[in-house]
Amino acid sequence: MSKTLLIKNARVLVTMDAQRREIADGAVFIRDNVIERVGTTDDLPQAADEVIDAAGHVVVPGLVNTHHHMYQSLTRVIPAAQDGELFNWLTNLYPVWANLTGEMVHVSTLTAMAELILSGCTTSSDHLYIYPNDCRLDDSIEAAHTIGMRFHASRGAMSVGRSKGGLPPDSVVEDEAAILKDTQRLIETYHDASRHAMQRIVVAPCSPFSVSRDLMKEAALLARSHGVSLHTHLAENVNDIAYSREKFDMTPAEYAEDCGWVGQDVWHAHCVQLDDAGIHLFAQTGTGVAHCPCSNMRLASGIAPVRKMVDAGVPVGLGVDGSASNDGAHMLGEVRQAMLLQRVGFGPDAMTARQALELATLGGAKVLNRDDIGSIAPGMAADIVMFKLDGAGFAGALHDPVAALVFCTPANVNHSVINGKVVVKDGVLRTVDLPVVLERHNRLARELALKAA
């Protein structure tokens, strides 16, 4: 028996459809997990199994987070890693992360996903690249299933430790044959290639400074033999560029191409220091970029040339990055920072509010190689979020509620629908007991900090 859901009376419905329609008094009719009809409230059916009155709300497609390290929510503002650039920051944190457990991965994923969902995110990637003790990617996948988030689980890996010229200590790297074997297991066990899939697996060696050229090439072959996407870090800061030139005698983009890491099934995180030739290569091949403005500022990595990338035709989405290099995971806040940072770097016309919002919806969908999320249109997955505009933070801005959503102080969702299910109602997350999760998370974070000390 099918179930229907009606969202009606929206102050404005931002569709992100082909015409980029914004519908006053908008409504959406959903059957099971798929959007069936979109229009004004008067044009749509007036009854459904469940009805949400979105009066006074801006209704937008669920936001898409294209880069995260959810386990890092356990290690926010660690004193030794509050300052410093990327390599220094990582060097201080690797010994802390060496004490991670499977329980910690599971609980931190629940916490990170709760934070994302409440900020308007409905689909997220996560890049778990460190597997000490009993940690498995399965721990993250189980958490996503529990909380109800659409999830691209990236099987990261590190295989080149300090003894071989890499950045991480040898204690946190893995054998390359074991990495590939476990990655194949995960794909065969969990990957769902169907339309509207809630769970996909991504092949994701961590970075050029922590894995070998052989692993990069073998990972690409494995991914393409199973039809799954590829993800890694690239060109994050000037030290990253220097490492690529010293070790490979190539720019990061040249190295990516040499390893087979370009194409519509590939996206790279950061690309802050991607040069013009790299931008052209990515545009020509459809290679995506996860732009992480808050993290890039936190680590002083620079300002990614996102305006230039988008104008060239590079697919660009947004990512909150790890909670130890952002210390927050608010997707709507990331939209705001993306707009503001492009203006700081490239002028007041570099990015509009609506362009920034598009990066977080359609942009993220394209980067994840999906055509079934990112817009509110018939046939799309029913991932929809609603922001109420009656608070002090929006006072005086209601003449353009869509722009207000981006320009004003980032708000949390009032309602969130993921895969046709109401996951947040009246600001309350319904799928987990959040206070209980947070108490457990904070206890485990203290244990991790004490072990490191």
Side-chain angles (χ1 to χ4, degrees), residues 62-78 96-97 99-156 186 189-190 197-202 319-334 383 385 412-413 415-419 421-449:
L63 307 183
V64 180
N65 177 34
T66 61
H67 187 63
H68 206 336
H69 308 293
M70 294 185 183
Y71 73 89
Q72 292 182 11
S73 61
L74 292 160
T75 55
R76 287 171 160 150
V77 297
I78 292 286
V96 182
W97 298 334
N99 293 307
L100 285 167
T101 66
E103 180 188 12
M104 290 175 178
V105 170
H106 179 84
V107 175
S108 62
T109 302
L110 286 175
T111 299
M113 287 185 168
E115 186 177 12
L116 285 169
I117 289 169
L118 290 169
S119 75
C121 184
T122 57
T123 298
S124 185
S125 171
D126 184 45
H127 192 187
L128 181 61
Y129 57 80
I130 188 166
Y131 294 87
N133 307 309
D134 62 341
C135 295
R136 303 183 307 157
L137 190 60
D138 309 62
D139 301 315
S140 299
I141 292 167
E142 290 162 8
H145 179 74
T146 297
I147 205 167
M149 173 163 260
R150 199 177 299 276
F151 190 38
H152 284 228
S154 301
R155 206 305 181 179
L186 290 160
T189 304
Y190 294 110
M198 286 292 286
Q199 176 63 60
R200 290 191 177 165
I201 300 296
V202 180
V320 300
D321 200 15
S323 291
S325 67
N326 182 334
D327 309 289
H330 199 293
M331 258 315 277
L332 188 59
E334 211 72 37
D383 293 358
V385 293
N412 277 355
V413 295
H415 309 294
S416 175
V417 175
I418 305 177
N419 201 42
K421 297 180 175 65
V422 180
V423 174
V424 177
K425 189 166 186 178
D426 297 321
V428 178
L429 184 61
R430 304 171 77 184
T431 49
V432 296
D433 188 337
L434 189 54
V436 171
V437 171
L438 296 180
E439 187 280 329
R440 188 175 169 206
H441 181 274
N442 286 327
R443 174 173 54 80
L444 291 171
R446 284 194 298 273
E447 289 179 14
L448 194 59

I want to check something: taking the side chain as every heavy atom from C-beta on, are [X] and [Y] in contact at a cut-off of under 4.5 Å?
X	Y	value
Leu118	Val424	yes
Ile418	Met198	yes
Glu103	Arg440	yes
Leu128	Met70	no
Tyr190	Leu137	no
Leu438	Thr111	yes
Ser140	Phe151	yes
Val320	His68	yes

Point-to-point distance, once rounded to the nearest 0.5 Å, from [atom1] of [X] to [atom2] of [Y]:
X	Y	atom1	atom2	answer
His145	Thr431	NE2	OG1	11.0 Å
Ser108	Met113	OG	CE	10.0 Å
Ile130	Gln72	CD1	CD	9.5 Å
Ile147	Thr109	CD1	OG1	9.5 Å
Ser124	His152	OG	NE2	9.5 Å
Tyr71	Tyr129	OH	OH	3.0 Å

Closest contact, heavy atoms only, [X] versus [Y]:
X	Y	result
Met149	Thr122	CG-O, 3.7 Å
Cys135	Gly102	SG-N, 3.8 Å
Ala153	Gln199	CB-NE2, 3.7 Å
Ile117	Ser416	CG2-OG, 4.3 Å
Leu186	Asp138	CD2-OD1, 3.7 Å
Asn99	Met104	O-SD, 3.9 Å

For Asp134, the option from Thr101, Val105, Leu100 that meets side chain to side chain contact (heavy atoms under 4.5 Å, CB included): Thr101
Taking atom types as modelled, is there a side-chain donor on Glu334 or Asn65 under 3.5 Å from an acceptor on the other? no
Audit row: Ser73, His441, side chain to side chain contact (heavy atoms under 4.5 Å, CB included) steps and yes/no: CA-CA 9 Å; Ser73 61; His441 181 274; 3.1 Å; yes
Check the angle between the aromatic planes of His69 and His127 and answer parallel, tilted or perpendicular using the 30° and 60° thresholds. tilted
For Val96 and Leu74, run side chain to side chain contact (heavy atoms under 4.5 Å, CB included): C-alpha distance rounded to whole Å, both residues' side-chain angles, the deciding distance at 0.1 Å, then the answer. CA-CA 10 Å; Val96 182; Leu74 292 160; over 6 Å; no
Dump the intermediate steps for side chain to side chain contact (heavy atoms under 4.5 Å, CB included) on His415 and Val422, then the final yes or no. CA-CA 7 Å; His415 309 294; Val422 180; 5.6 Å; no
Begin from the C-alpha positions of Ile201 and Ile141 and carry the test side chain to side chain contact (heavy atoms under 4.5 Å, CB included) through to its verdict. CA-CA 10 Å; Ile201 300 296; Ile141 292 167; 3.8 Å; yes
